[in-house]
Amino acid sequence: MLEKTYNAKNVEGNLYKKWERLGLFSADPSSSKDPFTIMIPPPNVTGTLHVGHALTMTLQDILVRHARMTNKDTLWQPGTDHASIAVERIVTQKLAAEGKAKKEVGREKFLERAWQQKEESGTTIVNQLKHLGASCDWDRERFTMDEGLSKAVKKVFIDLHKKGLIYRGTRLVNWDPMHQTAVSDIEVSHKDMKGFMWHLKYPLKDGGFVTVATTRPETMLGDTAVIVHPDDKRYTHLIGQTITLPIVGREIPIIADDYIDMEFGSGCMKVTPAHDFNDYEIGKRHDLEMINILTKTATLNENTPAEYQGMDRFEARTKIVAEFEALGLLEKVEPRENSVAHAERDDTILEPYLTTQWYLKTETLAKPAIEAVKSGKVEFIPKNWEKTYFHWMENIQDWCISRQLWWGHQIPAWYKDGEIYVGEEAPKGEGWVQDPDTLDTWFSSGLWPFSTLGWPDKTPELQKYYPTDVLVTGFDIIFFWVARMMMFGMEFMNDVPFRKIFIHALVRDENGQKMSKSKGNVLDPLEIIEEFGTDALRYTIASLTAPGADISLGKSKIEASRNFCTKLWNASNYAFMNEVKYDESFDPNTAKNPINRWMISKLAELVEGQNKAYADFRFNDLSQNLYHFTWDTYCSLYLELTKPVLYGDDEADKKETRQTMGWALEKLLRLMHPVMPFITEEIWLELTGQTGTDANLMSQAWPEALAWPHDEKSIADVEWLVSVISSIRAARSENNVPNKAEIDATVRGVSDVDVERFKMFKNYLKGMTRVAGFKLHSGELAKTDVVAVAEGFEIVLPLEGHVDFEAEKERVAKEISKFEAELAKIEGMLGNENFVKRAPEHVVAEQKASRDAILADLTKLKAVMEAR
RNA sequence: GGGCAGUUAGCUCAGUUGGUAGAGCAACGCGUUUACACCGCGUAGGUCGGGAGUUCGAGCCUCUCACUGCCCACCA
């Protein structure tokens with residue numbers, strides 16, 4: 001017997017340890033089994049587990065456990081990436097708390113601290129993932145800065161440099177002044193902020209003014225031109241004239257460029273080539289001077305007037321405006337919402353900044369990566385993400401891969417007297433200095449599918465497990481990660497990194513709102529596990545994962561899943577109370593009792609449904625199949641329908657029923673295991689009498705239903721029985737017949753098939769309906785009887801003394817009009833020549849059948865009305 | 001400005017080749033019948049965002065409009 005109630009906490013930790021101890025998660029490259037490989041999106045090493053991880057990990061774990069049960073040599077390689085900016089920030093902050101600056105501490109000591117930090121938070125997240133039941137091959141855990149992976153990074157950099165795909169360039173980048181590093185374009189998110197549009201009057205050297213508008217007035221310190229449209233008649237006479245820049249006193253030209261929109265503002269625009277992306281392009285076109293006015297921390301530098309030097313960019317903004325106002329050069333100020341570039345990671349406001357960085361030429365690499373998806377070698381699920389992928393890949397910009405950070409892979413480039421050398425080691429000779437910068441974290445995570453398998457060495461792992469089968473990830477990192485893995489995989493492995501990409505959506509709260517700390521609607525998966533158990537969380541996640549849809553997760557849903565776990569637990573306990581055990585020798589083909597045969601057939605249908613759902617990544621279907629089967633088919637029907645046998649005295653039938661029950665439960669547990677690994681194993685151990693042993697459910701084979709009977713007759717018979725029972729129950733309930741009241745029922749007007757079924761199921765009818773007895777009867781209805789109409793059948797319940805017959809009359813009248821409306825509809829269809837001619841035969845036949853059924857029911861109901 | 005989703009029962013959502021609309025939760029009624037009140041039985045609730053079209057037949061296909069969300073680009 002199991003504990004009275006399921007206690008997830010007592011079970012989960014122990015089972016997980018057991019699985020690990022038995023090495024169930026380990027892949028074996030020397031095994032002859034087909035491989036199944038799955039990549040884990042590396043959670044960054046500073047992270048704590050959030051619902052998004054729970055989602056990704058749960059889905060992957062379901063696939064992986066299913067693969068193991070279908071006899072695949074399964075590799076689920078886990079790991080973390082080094083999250084350069086995030087770690088660098090944490091360490092810098094910790095040092096600051098100790099009163100130390102990053103630069104004082106020095107690179108070496110700083111990296112020591114960073115490694116410490118990595119060790120701490122890295123183990124935290126791994127433990128949290130284990131709480132989710134994630135059956136990763138932990139012995140193969142990798143980290144992007146491991147020796148092997150670092151070797152791969154170096155080789156990739158050097159190779160790409162040799163091929164001319166990596167180059168150094170000086171241009172405007174998005175600069176993070178907080179961390180003093182460049183960031184790549186896709187790490188930038190634009191946010192609308194309330195700001196102002198300042199209209200500034202620039203004095204012409206020869207007298208008069210032009211007005212320019214700007215949202216960042218401080219950049220005027222770096223202006224090197226004013227442009228007007230060449231066709232703008234208002235200004236053509238000004239082209240070639242000179243402006244004396246206020247405050248600075250620099251003389252700058254007015255030039256013509258058709259970039260400008262004549263309709264917008266005054267039609268004049270200031271140009272600051274060193275601090276704006278569009279202005280930069282204009283500056284290049286006209287060979288304008290590029291004056292950098294900022295330091296790396298976004299304070300004003302030596303190229304600005306003395307009173308501004310060292311001042312913060314936003315302070316300078318205020319001061320500039322004040323000066324313009326004082327000079328009478330501030331024409332007007334309009335409030336305006338404009339979008340401002342922020343660092344995606346921490347919301348620092350970024351500055352366009354002129355620097356020299358390493359770039360990766362992506363156009364060449366993108367082509368095979370696009371082709372691989374077009375040709376179907378890689379498949380997005382759902383497919384519509386392919387458009388997003390193509391759109392980005394086809395418009396891809398060169399990738400700025402260098403970062404002015406210490407934590408990461410230091411760029412294998414050395415400099416001496418303006419010479420650059422790229423290679424594994426510093427070149428011989430004195431005076432070579434290595435590039436202090438590191439590579440973008442995504443550069444190394446992009447190599448993940450093969451670097452973690454030992455590339456560039458030809459390891460057995462690499463040969464067996466590449467390409468991987470499926471990548472499960474959120475759409476938010478298609479650009480960051482998926483696209484990069486595709487490009488690197490095609491370039492260095494000459495093959496796709498994965499065959500399928502399952503894209504899941506965002507987790508939202510119960511009301512479809514984005515989860516955020518400020519809204520207070522964040523669900524902590526660890527708290528959920530604590531309260532409801534891992535299996536409940538996993539089931540909820542799976543059941544909500546429909547392709548292409550966002551996921552709204554709320555407590556009420558997890559509660560429902562917890563109830564589902566309890567239901568399964570109680571149902572199992574009930575079986576054990578009835579001496580049900582799993583009998584391996586039981587052959588489902590030998591079952592005679594129609595209810596057992598029906599159960600076996602339904603289970604075969606379930607297996608089929610599950611196979612299809614797994615093939616199509618229909619996580620919602622596969623969970624709902626399990627729920628519906630367990631709760632409705634197995635518990636509500638099968639366990640109830642077999643009670644007359646289990647409490648009866650036909651020993652042979654009793655034995656067969658126990659066997660079937662145990663057998664069905666065992667198969668069901670196997671089918672449920674990938675989704676709910678803990679509770680199913682705990683029950684399974686008890687059912688198979690192996691509690692406390694090393695036996696485990698994960699190593700059992702996935703059920704093969706082909707060998708089982710699929711008995712259409714039993715299915716039809718039991719469906720008939722269930723419909724009869726429901727009809728009787730509805731009649732009783734609607735007439736407020738107390739549950740306790742046992743009454744004699746009469747069955748009337750039955751066909752031969754029904755007579756047979758009636759005889760077959762007499763006992764069950766009694767047991768399920770609290771009707772004391774049934775008798776076959778063909779006489780007249782008593783005035784006080786109520787008729788329950790079932791499929792081709794009617795049951796008469798003498799209800800005298802229990803029933804308000806006026807109410808009953810109304811009910812029947814209502815039912816009659818409902819049937820009549822439906823009948824009219826069907827007859828309309830059947831009367832339509834085109835329908836009869838063109839609709840498939842089975843559809844027409846179905847309509848005719850339901851017309852006949854309704855007619856029969858109507859006749860009976862009308863008889864009842866007349867009887868009253 | 002470009003693109004992609006979505007709009008189905010009070011709520012959150014399924015609905016896979018077009019063939020008489022489903023689930024969970026919530027609601028209502030009855031109920032402690034020998035697994036389970038984290039339960040059982042029953043009931044109610046939808047002109048599938050609006051409009052048009054194709055079809056014998058449209059939640060599903062086409063067009064159009066409206067609203068919501070997201071992504072990309074731009075914003076002097």
Side-chain angles (χ1 to χ4, degrees), chain A residues 4-6 186 190 197-200 212-216 226-227 259-261 264-272 276-279 336-339 382 384-385 387-388 391-392 395 475-476 478-479 505-506 508-512 514 532 543-544 546-554 556-557 559-578 612 616 618 620-621 624 627-628 635-636 639-640 643 646-647 726 729-734 736-740 742 767 769-770 822 825-826 829 832-840 842-844 846-847 850:
Chain A
K4 178 100 177 96
T5 49
Y6 179 58
I186 56 171
H190 289 267
M197 175 80 92
W198 286 277
H199 295 254
L200 307 178
V212 296
T214 178
T215 55
R216 295 185 299 152
V226 164
I227 59 166
Y259 168 79
I260 201 163
D261 174 3
F264 189 93
S266 64
C268 295
M269 189 183 111
K270 64 194 268 314
V271 182
T272 322
D276 182 280
F277 287 97
N278 291 310
D279 294 10
R336 179 188 163 89
E337 200 154 278
N338 50 329
S339 78
N384 50 293
W385 288 110
K387 277 194 184 170
T388 309
H391 182 258
W392 193 72
N395 296 289
F475 64 83
D476 48 334
I478 289 180
F479 305 143
L506 222 66
R508 298 170 176 280
D509 76 358
E510 228 159 349
N511 303 312
K514 220 181 208 170
F532 299 103
S543 68
L544 296 173
D550 274 353
I551 293 162
S552 317
L553 194 60
S556 70
K557 284 174 183 164
E559 230 167 60
S561 306
R562 187 269 321 269
N563 296 351
F564 180 43
C565 291
T566 310
K567 186 76 181 175
L568 174 68
W569 188 261
N570 289 332
S572 307
N573 241 339
Y574 164 78
F576 298 146
M577 284 168 60
N578 284 287
K612 188 167 170 18
D616 298 342
R618 311 265 321 182
N620 57 333
D621 282 357
Q624 270 167 39
Y627 188 98
H628 176 246
C635 291
S636 294
L639 295 189
E640 296 303 328
K643 276 178 183 172
L646 292 181
Y647 293 105
S726 313
R729 279 179 179 162
R732 290 179 62 110
S733 177
E734 277 163 26
N736 292 326
V737 181
N739 282 358
K740 277 182 193 164
E742 298 202 0
T769 54
R770 291 239 129 203
E822 210 168 319
K825 205 165 139 194
I826 293 175
M829 275 172 88
N832 182 327
E833 255 180 63
N834 283 320
F835 171 75
V836 180
K837 244 189 274 175
R838 299 199 197 181
H842 74 273
V843 174
V844 179
E846 271 167 30
Q847 295 300 336
S850 60

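A stacking contact links Y647(A) to rU34(B): the aromatic ring centre lies within less than 5.5 Å of the base's six-membered ring centre, and the planes differ by less than 30°.
Figure legend. rC67(B) is base-paired to rG6(B); pairs are counted as Watson-Crick or G-U wobble with both atom distances under 3.5 Å. With a 3.5 Å ceiling on both atom-pair distances, the Watson-Crick or G-U wobble partner of rC39(B) is rG31(B). Summarising the base pairing, rA14(B) is matched to no nucleotide, lacking a Watson-Crick or G-U wobble pair whose two defining distances lie under 3.5 Å. rG1(B) is paired with rC72(B) under the criterion used here, namely a Watson-Crick or G-U wobble arrangement in which both key atom distances are under 3.5 Å. The nucleotide rU54(B) finds no pairing partner, because no Watson-Crick or G-U wobble arrangement with both distances shorter than 3.5 Å includes it. Under the Watson-Crick and G-U wobble criteria, each requiring two contacts below 3.5 Å, nucleotide rA21(B) is left unpaired.
Note on K387(A): every side-chain N or O is 4.0 Å or more away from OP1 and OP2 of rG3(B). For rC72(B), the OP1/OP2 oxygens have no side-chain nitrogen or oxygen of N395(A) closer than 4.0 Å. Residue R618(A) has a polar side-chain atom (N or O) positioned under 4.0 Å from OP1 or OP2 of rG15(B).
Spacing of P atoms, rG15(B) relative to rG40(B), comes out at 26 Å, to the nearest Å. The separation of rA9(B) from rA5(B), taken at their C1' atoms, amounts to 23 Å, rounded to a whole angstrom. Between the C1' atoms of rA14(B) and rC71(B), the separation comes to 25 Å (whole Å).
Nucleic acid contact class of D261(A) (heavy atoms, under 4.0 Å, all strands): base. Within 4.0 Å of I260(A), counting heavy atoms only, lies at least one base atom of the nucleic acid. Base contact: C268(A) has a heavy atom under 4.0 Å from a base atom. Across all strands, Y259(A) comes closer than 4.0 Å only to sugar-phosphate atoms, never to a base (heavy-atom distances). Looking at heavy-atom distances under 4.0 Å, D621(A) makes contact with a base. If you check every strand for non-hydrogen atoms under 4.0 Å, E833(A) touches nothing. In this structure, S543(A) reaches neither bases nor backbone, as no heavy-atom distance under 4.0 Å exists between it and the strands shown. Residue-level contact check: N620(A) touches the backbone only, with heavy atoms under 4.0 Å from sugar-phosphate atoms and none from bases. T388(A) comes within 4.0 angstrom of no nucleic acid atom, judged by non-hydrogen atoms across all strands.
In the set rG15(B), rU12(B), rA35(B), rU12(B) carries the atom at the smallest distance from any side-chain atom of K557(A). Checking rC41(B), rU16(B), rC36(B) against the side-chain heavy atoms of S636(A) singles out rC41(B) as nearest. Proximity note for S733(A) (side chain, C-beta onward) versus rC38(B), rU12(B), rG42(B): the nearest is rG42(B). Relative to the side chain of A560(A), the nucleotides rC70(B), rC36(B), rC25(B) differ in distance, and rC25(B) lies closest. Considering only side-chain atoms of A730(A), the nucleotide from rC4(B), rU43(B), rA35(B) that sits closest is rU43(B). Here the nucleotide nearest the side chain of N384(A), chosen from rG42(B), rA5(B), rA35(B), is rA5(B).
Per the geometry, CZ belonging to F479(A) stands 7 Å off C1' belonging to rC71(B), to the nearest Å. Remark: P of rG15(B) and CD of Q624(A) are 9 Å apart, rounded to the nearest angstrom. Summarising the geometry, the separation between CZ on F532(A) and C1' on rC38(B) is reported as 10 Å, rounded to the nearest angstrom. For the pair N834(A) CG and rU55(B) C1', the interatomic distance rounds to 10 Å; values are reported in whole Å. In this structure, E559(A) atom CD and rC39(B) atom C1' are separated by 15 Å, rounded to whole Å. As a whole-Å value, the separation of K643(A) NZ from rC41(B) P is 10 Å. Atom CH2 of W569(A) and atom C1' of rC38(B) are 14 Å apart (whole Å). If you take CZ of R562(A) and P of rC25(B), they are 12 Å apart, rounded to a whole angstrom.
For the atom pair K567(A) NZ and C635(A) SG, the distance stands at 5.0 Å (nearest 0.5 Å).
Taking 4.5 Å as the limit, every side-chain heavy atom of Y259(A) sits out of range of all side-chain heavy atoms of D279(A). No side-chain heavy atom of M269(A) sits under 4.5 Å from any side-chain heavy atom of V212(A).
RNA chain B is contacted by both N573(A) and N563(A); N573(A) maps to the nucleotide lying nearer its 5′ end (nearest heavy atom per residue). When each of Y627(A) and G265(A) is assigned the nucleotide of RNA chain B bearing its nearest heavy atom, the one mapping closer to the 5' terminus is Y627(A).
Minimum heavy-atom separation, L639(A) to A571(A): CD1-CB, 3.8 Å.
Under 3.5 Å, the side chain of K567(A) and the base of rC36(B) form at least one donor-acceptor pair of N or O atoms. Side-chain atoms of T566(A) and base atoms of rC38(B) include a donor and an acceptor less than 3.5 Å apart.
Using a distance-only test at 3.5 Å, with no hydrogens or angles considered, a donor-acceptor pair links the side chain of K557(A) to the main chain of S552(A).
Taking the ring axis of Y574(A) as reference, the NZ or CZ atom of K643(A) stays within 45° of it and closer than 6.0 Å to the ring centre.
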Atom pairs under 3.5 Å, N or O on each side, protein against nucleotides 19-21 of chain B: can you list them with distances?
from, atom 1, to, atom 2, distance (Å)
rU20(B), O4, S850(A), OG, 2.9

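With a 6.0 Å radius and a threshold of 12 heavy atoms from other residues, nucleotides or ligands, E833(A) has its CD atom at or below the threshold.
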